[in-house]
Amino acid sequence: MIGLVNYARDPHSVELRELPVPDIGEDEVLFKVEAVGICGSDLHQYTGKQSWQVNYPVVLGHEFAGVIAKAGNRVRGFKEGDRVVSETAAVLPADSAFVRQGLYNLEPKRLGFGYGVNGAMAPFVKVPARCLHLLPSALSLEKAALTEPCCVAYNAVCVNSRLRPGDTVAVIGPGPIGLLCALLAKLAGAGHLIVIGIPADSHRLDVAKKIGADTILGGKGEDVTEWVNNFGDGYGLDLVIDAAGVSASLKLALDIVRPAGQITKVGWGPQPLNFSLDQLVQKAVTLQGSYSHNWPIWEKVISLLASGKINLEHILNRVSPLTDWHESFEEMHSGRIVKGVLRP
Ligand SMILES: [Zn+2]
């Protein structure tokens, strides 16, 4: 089979390679990949700018949907032909306290598809059955491939944030995760929803408008803090989601969050802060991290995708064969499309 392999840390060390179809163990399935989303993290590995360790060479891709081609003989609850999606924690230590708590997303020794073990940008990938979720027939496999990033956003907005209907919410960084956070904030009852970017984000800010943002800021170089100071009662916003991850975005979040409000940080990067956290203290702000997702989140997101309540119409902009990976990667990298899906 032909898979998309990231073979070294040097920028652009990604190519299509001939690979063997994987052998599966008793508790695993051979997963026929029908659709695989391109993630910001695939692009980071493509450009060699990731802040995590990669087991080179590795097949990219961790956002995928497809069909079970073969099930190991101890697999229960799933059979050949089932339409499924897979979670991302491919390898977990058996003695993990976090696995026992159902918080395997926070287990430091876990390994994920696409960096730790071979991922899904190939016709087949081997997947432990515990990672699988069945898909309702109403949900297409292209859309189902985006369950994973929707789960990242659901965890940030609906689990790790305190968001009540009517709360004012800002999302900083209109990349795929930021836009999905905006979508879920709307669904969770955000009162006034603001999406903040920079001039290079102008296309993605237009998408933010289409998915229900009440205000978009930053695309024309507006002064965001001044705008917020003149908004509503002038105290700032109830919830700020930082989906950008650079130092300046956390600084902005602290400037625009209201006293006793919350900042949820889902964007990350190696850049040091280089500013004072005094506002965090003085405003008594809750600063909350959010990472990955776990089983109950997947079940909720699958039902929201199947019912159309999470509407990907403006997010999923390109479906193409795996052989067109380069153009899709570049289109996403440049921001011309929000999200691309490849079909191996
Ligand atoms: Zn992802």
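Numbers here simply count residues along the sequence, with the first being 1. Note that ligands are numbered from 1 as they come in the structure, with each ligand's atoms numbered from 1 the same way. Since the structure is predicted, the reported quantities are computational estimates derived from the model, not experimental observations.
In terms of distance to the Zn ion (ligand 1), the nearest N, O or S atom of Glu148 is named OE1. The Zn ion (ligand 1) is closest to atom OE2 of Glu63 (considering only N, O or S atoms).
Between Lys339 and Glu63, at least one side-chain nitrogen of the basic residue sits less than 4.0 Å from a carboxylate oxygen of the acidic one, meeting the salt-bridge criterion.
Taking the ring axis of Phe124 as reference, the NZ or CZ atom of Lys32 stays within 45° of it and closer than 6.0 Å to the ring centre.
Angle subtended at the Zn ion (ligand 1) by His62 NE2 and Cys39 SG: 100°, rounded to 10 degrees.
Between Arg17 and Ile2 there is no side-chain heavy-atom pair separated by less than 4.5 Å. Annotation: side chain of Val85 is not in contact with side chain of Phe64 (no heavy-atom distance under 4.5 Å).
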